[in-house]
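Following: one structure in structure tokens, then a few remarks.
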Amino acid sequence: MLSQIAANDDLVCFHPHQSLARDNERLENLYDILEGWACRHRMLSDGRRQITALYLPGDLCDPLWSLSPHCHDPVVALTNIRAVRRSLSDVHGLERPKGIASRLAESLERQSNWIVNLGCKTAVERLAHLLLELFERMRRAGFAYGQQCALPLTQADIADTTGLTAVHVNRTLQTMRASGVLEFHSKWLRIPDLGRLRDLAALGPQDHL
């Protein structure tokens with residue numbers, strides 16, 4: 001992915017916990033993420049956090065900013081990030097490799113899936129869906145190797161994404177690992193049987209991630 005950077009591309013870097021966008025900030029740029037992970041989140045007054053989007057290599061952060069230049073939820077880096085900064089005033093420059101319209105459609109479809117996850121699914125189904133989605137997104141971006149990919153999320157990050165407690169996430173992941181549907185090794189996820197995990201995620205054959 002880094003080899004695809006043009007000579008005139010504006011390459012920027014962010015460190016973990018550094019802001020890509022702050023609450024109520026008026027934005028001038030979007031970011032094509034080449035390496036690293038980031039999240040959009042909302043904090044409640046008592047300190048609880050809900051992660052409302054995850055940005056992975058190959059993602060545009062954020063297609064919604066092309067519709068409104070105001071950031072209503074902050075975006076922070078979860079890992080070190082390298083990205084190409086692209087001006088909002090020139091969205092036509094986003095046609096490589098995917099246009100802004102297709103990126104926006106993907107973002108809205110993914111948000112709908114997350115709403116179903118939070119509103120209808122059990123803890124096992126939520127976790128299975130999330131991990132399968134992340135693997136497939138990494139695979140499409142060329143960052144999966146066989147049946148495995150990097151997974152730099154903490155259990156607290158996963159809890160704040162799925163609307164569960166960290167304790168519940170820990171227990172559920174232990175059960176899933178014991179049954180052989182998931183393997184974790186030093187921030188790497190391996191999925192031995194993708195079909196079995198799809199079944200656990202309550203995904204039908206026509207459901208897209």
Side-chain angles (χ1 to χ4, degrees), residues 1-5 11 13-14 16 31-40 51 53-61 63 77-84 96-98 102-103 105-107 109-114 116-117 121-162 164 166 168-209:
M1 194 170 287
L2 289 171
S3 67
Q4 300 173 10
I5 301 174
L11 186 64
C13 297
F14 298 92
Y31 301 98
D32 256 325
I33 297 181
L34 305 174
E35 291 183 344
W37 292 45
C39 77
R40 184 181 70 214
I51 291 178
L54 289 166
Y55 305 99
L56 283 57
D59 287 346
L60 184 66
C61 181
L78 296 172
T79 67
N80 288 316
I81 287 178
R82 282 196 282 183
V84 174
R96 191 189 71 239
K98 290 189 293 187
S102 62
R103 305 255 199 144
E106 286 181 2
S107 176
E109 179 65 22
R110 186 174 301 129
Q111 205 76 77
S112 294
N113 288 339
W114 282 29
V116 173
N117 258 10
K121 293 190 176 183
T122 67
V124 170
E125 291 169 341
R126 293 184 199 184
L127 291 174
H129 185 117
L130 175 65
L131 296 175
L132 188 61
E133 176 202 306
L134 297 177
F135 172 81
E136 290 294 345
R137 289 167 64 184
M138 291 289 277
R139 183 186 60 79
R140 288 194 291 266
F143 283 87
Y145 307 92
Q147 301 292 92
Q148 61 184 350
C149 70
L151 185 72
L153 299 179
T154 66
Q155 290 192 2
D157 294 331
I158 294 174
D160 290 346
T161 303
T162 56
L164 303 168
H168 200 168
V169 167
N170 180 273
R171 291 174 178 168
T172 305
L173 289 178
Q174 286 186 17
T175 300
M176 295 170 76
R177 292 173 68 177
S179 66
V181 295
L182 298 174
E183 297 177 12
F184 292 103
H185 301 284
S186 301
K187 295 186 180 292
W188 279 79
L189 165 70
R190 183 174 182 273
I191 304 174
D193 188 336
L194 292 172
R196 188 178 173 196
L197 193 61
R198 282 187 67 92
D199 291 341
L200 278 181
L203 289 170
Q206 304 303 318
D207 290 331
H208 298 287
L209 293 166

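Residues Ile191 and Val181 form no side-chain contact, since every pair of their non-hydrogen atoms from C-beta on lies 4.5 Å or further apart. Tyr55 is not listed as a side-chain neighbour of Leu78, based on a closest heavy-atom distance of 4.5 Å or more. Using a 4.5 Å heavy-atom cutoff, the side chains of Phe135 and Leu194 are in contact. Taking 4.5 Å as the limit, some side-chain heavy atom of Leu134 sits within range of a side-chain heavy atom of Leu130. Put simply, the side chain of Phe184 does not reach to within 4.5 Å of the side chain of Met176, judged on heavy atoms. By the 4.5 Å heavy-atom criterion applied to side chains, Val124 and Thr175 are not counted as neighbours. Inter-residue side-chain proximity for Asp59 and Arg137 is flagged as met; some heavy-atom pair is nearer than 4.5 Å. Within the 4.5 Å cutoff, the side chain of Leu34 has no heavy atoms near those of the Pro57 side chain.
The two atoms that bring Ala166 and Ala159 nearest to each other are N-CB, 3.7 Å, heavy atoms only. When all heavy atoms are compared, the tightest approach of Glu183 to Pro192 is OE2-CG, 3.8 Å.
Summarising the geometry, atom CG belonging to Leu127 is positioned 10.0 Å from atom OG1 belonging to Thr161; distances are rounded to the nearest 0.5 Å.
The local environment of CZ in Arg171 is sparse, with at most 12 non-hydrogen atoms from other residues, nucleotides or ligands closer than 6.0 Å.
Asp157 places a side-chain N or O within 3.5 Å of a backbone atom of Thr154 that can act as its donor or acceptor partner. In this structure, Lys121 contributes its side chain and Val116 its backbone to no donor-acceptor pair below 3.5 Å. Using a distance-only test at 3.5 Å, with no hydrogens or angles considered, no donor-acceptor pair links the side chain of Arg82 to the main chain of Glu35. With hydrogens and angles disregarded, a donor-acceptor distance shorter than 3.5 Å links the side chain of Thr79 to the backbone of Trp37. In this structure, Asn113 contributes its side chain and His208 its backbone to a donor-acceptor pair below 3.5 Å.
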### Query
What's the verdict on ring pair (Phe, Tyr, Trp, His ring centres under 6.0 Å) for Phe14 and Tyr31, showing C-alpha distance, side-chain angles and the deciding distance?
CA-CA 11 Å; Phe14 298 92; Tyr31 301 98; 5.3 Å; yes
